[in-house]
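What follows is a short report on a single structure.
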Number of protein chains: 4
Amino acid sequence: MDQQVKDKKAAIMDAALKLFTERGFHGTSTAQISKDAGVATGTLFNYFPTKENLINSLYFEVKGRLSRSIRVGIDEEVSFQDKLRRLWSNIIKWGVNSPEEYLFVEQFCSSPYITKITREEVMKEYIFLNELVQEGIASGVLKDYTPELTMTIFFHGTKALVNLILDPNVSLDAEELIENGFRIIWNGLTGK
Amino acid sequence: MDQQVKDKKAAIMDAALKLFTERGFHGTSTAQISKDAGVATGTLFNYFPTKENLINSLYFEVKGRLSRSIRVGIDEEVSFQDKLRRLWSNIIKWGVNSPEEYLFVEQFCSSPYITKITREEVMKEYIFLNELVQEGIASGVLKDYTPELTMTIFFHGTKALVNLILDPNVSLDAEELIENGFRIIWNGLTGK
Amino acid sequence: MDQQVKDKKAAIMDAALKLFTERGFHGTSTAQISKDAGVATGTLFNYFPTKENLINSLYFEVKGRLSRSIRVGIDEEVSFQDKLRRLWSNIIKWGVNSPEEYLFVEQFCSSPYITKITREEVMKEYIFLNELVQEGIASGVLKDYTPELTMTIFFHGTKALVNLILDPNVSLDAEELIENGFRIIWNGLTGK
Amino acid sequence: MDQQVKDKKAAIMDAALKLFTERGFHGTSTAQISKDAGVATGTLFNYFPTKENLINSLYFEVKGRLSRSIRVGIDEEVSFQDKLRRLWSNIIKWGVNSPEEYLFVEQFCSSPYITKITREEVMKEYIFLNELVQEGIASGVLKDYTPELTMTIFFHGTKALVNLILDPNVSLDAEELIENGFRIIWNGLTGK
DNA sequence: CATGAATGAGAATTCATTCAT
DNA sequence: CATGAATGAATTCTCATTCAT
């Protein structure tokens, strides 16, 4: 009973995630979402009063999952380099293992359909990363570039890797790519 | 008259570029494009038989402009490092100076509305970049990572810089950011 | 329990009366009625198989209450004028004291949602009024206009008074208005 | 060309008038209006941006026609009684000859779908009637009841007559009914 | 009987596209 | 070629009604 409810809501969110990612917000009809989720058109609106509410709920949830995955195991690492490598690897692996969620977040993180409220609610994680980078610069391990520059290069580096690994035309060993990618970024951010 | 024709077509493309970038493909109506371009709704369809044709034409043209801008002055540079620095700077400056075109290409490069044909037609430029990187690796200046890895890190690096410079919340000196960004990537790609 | 049943049914009818009057038949959803009545959406359909049945039941009941109120005390009056004045006053006071029921009847007496059957069932009371007027004409007190004319002027007169007294922009003494209104109609129907 | 445009708009308004009157605002779908008007569903929205705008435009126009009809010939009458009789007759005849428009105004004059703006725009005519009644009271011809009482009795009297004449179950001579009706009201409003 | 999630037909509105002028 | 009214399929969302619990 309670299970069925969860199932329908989850089915709608799953279908929406896939379709929004593939075809965008306006390119996806609520009818198609309902159909793919195996529910009636009206059912979607029992759970999400509007299409916008649906995408916001989805964004909130997916970003939450991402947020939690990213942090895993970092505290257990001792050296700063290992912490950063773990973060690098966590982000990329999450993207590779949840490509739909990854692409969804990429596509809608700056979309007008995501409310400012949803976005702010979700920005909190950013602080964690910011602190890590600040710590690296303060300890002298990372070179003293503007933190924003360091951070954006690091993040776009992870994006580069996810895209490369997911590219169907390229089949290279993922673990090796991740390690080499990290070496490039690490050399870049610490090099003379 | 011939001028007017050019003007109308150009006006439509300009309006479309702006609207597609801001609101996406399905979020933009042909009526709105016509209105912003100052022409009648029917006129748009005299130049572009369908909305999809319009966005493909637009993509083709914008990508062409990008392609040409990127190459400027590279042949005049002598050292490999200067060639790469020039390429780095060309890409970023184009993005910063033509933010709408830049965002348009970013947004629609992997969109389903862009035909495979359009995309392939446009891929040719890639070869030029590929050759440059291959040359760098062959000459031993760049470290011997898989070329795809090197290339994607480089490109995502330029994206990182464009986004950073365009970010309205961040106001740092663009030239300095570009140079520092290049130093990071160069160190990364050449470092031990 | 039997009490509860009555309560739920009555609560539904109360809520329906108010909402139908305020927003019309199609402007009122059964969900809203249920909500205002404090019952589940399905409960409404345990008592009334359809929305149309609900409004018909409501109409039947309200019209019945009106019918009974109107007659009160008329038999105790002796003169014809007093009987008619009492009827006049009864109708108006019912309207003023039960404005929702009054407006409901006014609004739906000629509506397509009220079945012919319901309407006919309810017409019976009309006979009583008809007889009273016939009696007045026969006795020579009322002038010899077509009875239909006399009746409709009388009824529309009561409507005029109810609307006037209920008008929030007008604040005049109700008793005096009723008496003056009656004088006008009486003079009209008996005058030379 | 210009004719066709007028035709479509007029056809839509005609169909809407009929349907709104018969089935109410929410009971009438824009699809049905379009169908009855013989145009496509989208065409309706070329002329009226929303359903509410349609009913307001309609109300505005119909009320304007009523307003003009009512005044006809009153200035040519000399005595106050003849002026009032003419007004009486004008109103009733308009209602009898344009029953749909009459019922439409009756039904929607106090409806929430008619904007306050539309209503106020339309209230102006009321002043004219008010002045006439004030004049009658001031000159001592009408008895000195509150003007609101006099006016509402008069108006509801016209409604009574229109309903009576339009009633398919009643077939009496209209002219005679109108004259007798006026006599009743006149006697009422002037009687001792 | 009471409940409220589920249903899907139907409602208002939008929009790419056509075509007569 | 330019125009913009006309079209009708498609979209988001509502709601009377059902039915398993």
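To find a chain, count down the sequence lines: A is the first, B the second, and so on, and within it residues start at 1. Just so it is clear, the values below take in all heavy atoms, side chains as well, and ignore hydrogens, waters and symmetry mates.
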Q) Is the shortest side-chain N/O distance from B:Y47 to OP1 or OP2 of F:dA2 below 4.0 Å? A) yes
Q. Hey, is the side chain of A:K8 poking within less than 4.0 Å of OP1 or OP2 on E:dT7, counting only N and O atoms?
A. yes
Q. How close or far is atom P of E:dT13 from atom CD1 of D:I33, stated in whole angstroms?
A. 10 Å
(Q) If I take atom NZ in residue B:K35 and atom P in nucleotide F:dT3, what distance separates them, rounded to the nearest angstrom? (A) 15 Å
Q. Roughly, in whole Å, what's the span from CD in B:Q32 to C1' in E:dT14?
A. 13 Å
Q.
If you compare all heavy atoms of A:L54 against all heavy atoms of A:A16, which two are closest, and at what distance to 0.1 Å?
A. CD2-CB, 4.0 Å
**Q.** OH-OG1 distance between A:Y102 and A:T21, expressed to the nearest 0.5 angstrom
**A.** 12.5 Å
Q | Separation of F:dC15 C1' from C:L19 CG (nearest whole Å) | A | 15 Å
**Q.** Residue closer to the 5' end of DNA chain E, A:A40 versus D:S29 (nearest nucleotide)
**A.** A:A40
Q.
It should be established whether C:N46 places a side-chain nitrogen or oxygen under 4.0 Å from OP1 or OP2 of nucleotide E:dA2.
A. yes
**Q.** Distance test, side-chain N/O of C:T43 to OP1/OP2 of E:dT3, below 4.0 Å
**A.** yes
**Q.** Criterion side-chain hydrogen bond (donor to acceptor under 3.5 Å, both in side chains) against D:Q32, the qualifying member of D:D36, D:T30, D:T28
**A.** D:D36
Q: Grab the CG-P distance between D:L44 and E:dT13 for me, whole Å please.
A: 9 Å
Q | Paired nucleotide for E:dA16 [Watson-Crick or G-U wobble; both distances under 3.5 Å] | A | F:dT7
**Q.** Qualifying residue, where the test is side-chain hydrogen bond (donor to acceptor under 3.5 Å, both in side chains) with A:Y113 and the options are A:H26, A:K51, A:E52
**A.** A:H26
(Q) What is the distance, to the nearest angstrom, from the CZ atom on A:F20 to the P atom on F:dT11? (A) 13 Å
Q. Rounded to the nearest Å, what distance is computed from the NE2 atom of residue B:H26 to the C1' atom of nucleotide F:dA9?
A. 14 Å
Q. Nearest nucleotide by nearest heavy atom, which residue falls closer to the 5' end of DNA chain E, A:V39 or B:T28?
A. A:V39
(Q) Pick the closest DNA chain F nucleotide for D:G38 and for C:G27 by heavy atoms, then say which residue is nearer the 5' end. (A) D:G38
Q | Any strand: nucleotide that pairs with F:dC1 via Watson-Crick or wobble, under 3.5 Å | A | none
Q: Round to a whole Å and report the spacing from NZ of C:K51 to P of F:dA16.
A: 4 Å
**Q.** Side-chain donor/acceptor of A:T41 to base of E:dA9, under 3.5 Å
**A.** yes
(Q) Would you call the rings of B:F108 and B:F20 parallel, tilted or perpendicular, taking 30° and 60° as the class edges? (A) perpendicular
